[in-house]
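Read the numbers this way: they start at 1 and go in the same order the structure lists the ligands and their atoms.
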Amino acid sequence: MNLRTLSKPASIDSLSINGERLMQTLNAIGSIGALPNGGVRRLAFGPEDVQARQTLQRWLEAAGMTVTIDTAGNMIGRYPGRFPNAPALATGSHLDTVPNAGIYDGVYGVLAGLEVIRTLHERGIRLDHSVEVIVFADEERTMIGSKAMAGQVNPDPEYYAHPHYAPIQPSLQNIGGNWTQLSQAKRNTDHLAAFVELHVEQGPVLEAAGVSIGLVTGIVGQRRYAITIDGQSSHAGTTPMSMRQDALVAAAQVILAVNQIGCANNGDQVATVGAIKLSPNVANTIPGKVEIMLDMRDLSNEYLDQMLATLEQRMAAIAESTQTRIHLKPQLRNEPTPVNRHIYNTIAQVCDNLNLSASPLPSRASHDAQIIANITDMGMIFVPSEGGVSHAETEYTSPEHCAQGANVLLHTLLQLDQHYRCS
Ligand code: HGY
Ligand code: MN
Ligand code: MN
């Protein structure tokens, strides 16, 4: 039976997900990689990531979906439609986390997608379009999954190399990917009619506005770099202050420069140094080498270019005054990306139909959706994050908001099923 043959149109409008079941799955995945402090660590390609994917695959298959893994390690659950060869409607997000995460970032969007399919499947409802739930590989560091699907992977594996992480090729194999065949993961509008990602806001805006749903207008651009500062290790006691090439003193000045650039001007941009590693890292030796990770974001590429130019000038002066050598290695670049206007309006209309308060906002976090926007129409739905906290164990979104967001996703996909023609 397809949706259209349902007796009364009202039944379509009254379709609703099972909020309790959604929270059960969220807590079950959240227990994989659970930390003593209540947080979660499920690093991409690691054993917890593999275990969470295996669990999800069982759930997807039990909900009437076929599951495939593409060469980039993306897991693609597919719920066949009446026109199985037509481009699919897709949703999804990621299961990998930062080292000390909550249970919502990424996972919520994946499991809300599962819940939407479970709601359709248990009623025997088929849409015209097939519906896919996609788990993108390694969203938190390389975004290799969505970048490969969009045909945007840097062909040089060295680009993804970092001393803190295993090489990308064997990592991909851990989740069923294959670096040598990455180009096969590329998709286009023949495969995907539209992609809608549901995600927790990870910021304070919706909660402060007392609003249930975020109508995402666009996703920030992001530039991430590994900055290496080379000085000279030397004895902390015998080396006169005037003869030192102290890499950590230089790094400290770079970190302060990053913060000043982030705090300057219009206030929409952000700039963070979130990771540092120094050697030899002992009290009685002057640091010879420091590696820091820089993350800059803004809604405007021109502004990101300006921030980088300012930082490069500052780093040249710091290198000079500290007699060190400072090197910048790009690690990730995402373009500022607007959402598809029709999908935005559909989400807004669905919130109206469901009597849910909603307001527009940009996403100041990056998402796979902004990469997939390169190959099909994209939209994003947010639900509030309590206290605006994310990437921390205290990340929280209420079960009510989780259910509301999943219902908005369900009805948005139902509307898009009518909008995008199949035949
Ligand atoms: O960094 C981000 O914005 C995302 O959480 N990966
Ligand atoms: Mn995320
Ligand atoms: Mn994240």
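Listed by atom number, the atoms of ligand 1 under 4.0 Å from Ser366 heavy atoms are 2 (C), 3 (O), 4 (C). Near Ala365, meaning under 4.0 Å from one of its heavy atoms, ligand 1 places the atoms 3 (O).
Close N/O approach between Arg297 and ligand 1 is found [any backbone or side-chain N/O within under 3.5 Å]. For ligand 1, the polar-atom distance check finds no N/O of Gln222 at less than 3.5 Å from any of the ligand's N/O atoms.
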Worksheet entry | Check against salt bridge (charged side-chain N to carboxylate O under 4.0 Å, His left out), Arg364 and Asp268 | CA-CA 9 Å; Arg364 298 199 177 281; Asp268 275 347; 3.7 Å; yes

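The Mn ion (ligand 3) sits nearest to atom NE2 when only the N, O or S atoms of His391 are considered.
For the ligand labelled ligand 1, residue His367 lies outside the 4.0 Å heavy-atom shell. Heavy atoms of Arg224 come nearer than 4.0 angstrom to ligand 1 in at least one pair.
Checked against the 6.0 Å centroid criterion, the rings of Phe136 and Phe195 qualify as a close aromatic pair.
For a distance bound of 2.8 Å, the N, O or S atoms of Asp105 include one lying that close to the Mn ion (ligand 2). Backbone or side-chain N, O or S atoms of Glu140 reach the Mn ion (ligand 3) at under 2.8 Å. The Mn ion (ligand 2) has no N, O or S atom of His367 inside 2.8 Å of it.
Using a 4.5 Å cut-off on side-chain heavy atoms (C-beta onward), Tyr225 and Gln331 make no contact. Looking at Thr25 and Glu115, their side chains never come closer than 4.5 Å, going by heavy atoms from C-beta outward. With a 4.5 Å cut-off on side-chain heavy atoms, Ile227 and Met315 count as touching. Looking only at side-chain heavy atoms (C-beta outward), Leu35 and Glu393 stay at 4.5 Å or farther from each other.
Side chain to side chain, Gln184 and Asp70 fail the donor-acceptor criterion of an N or O pair below 3.5 Å.
Because its NZ or CZ atom is both nearer than 6.0 Å to the ring centre of Tyr79 and within 45° of the ring axis, Arg126 counts as a cation-pi partner of that residue.
Atom 5 (O) of ligand 1 has His391 NE2, 3.0 Å as its closest protein atom, hydrogens excluded (heavy atom only).
Seen from the Mn ion (ligand 2), atom NE2 on His94 and atom NE2 on His199 lie at an angle near 110° (rounded to 10 degrees).
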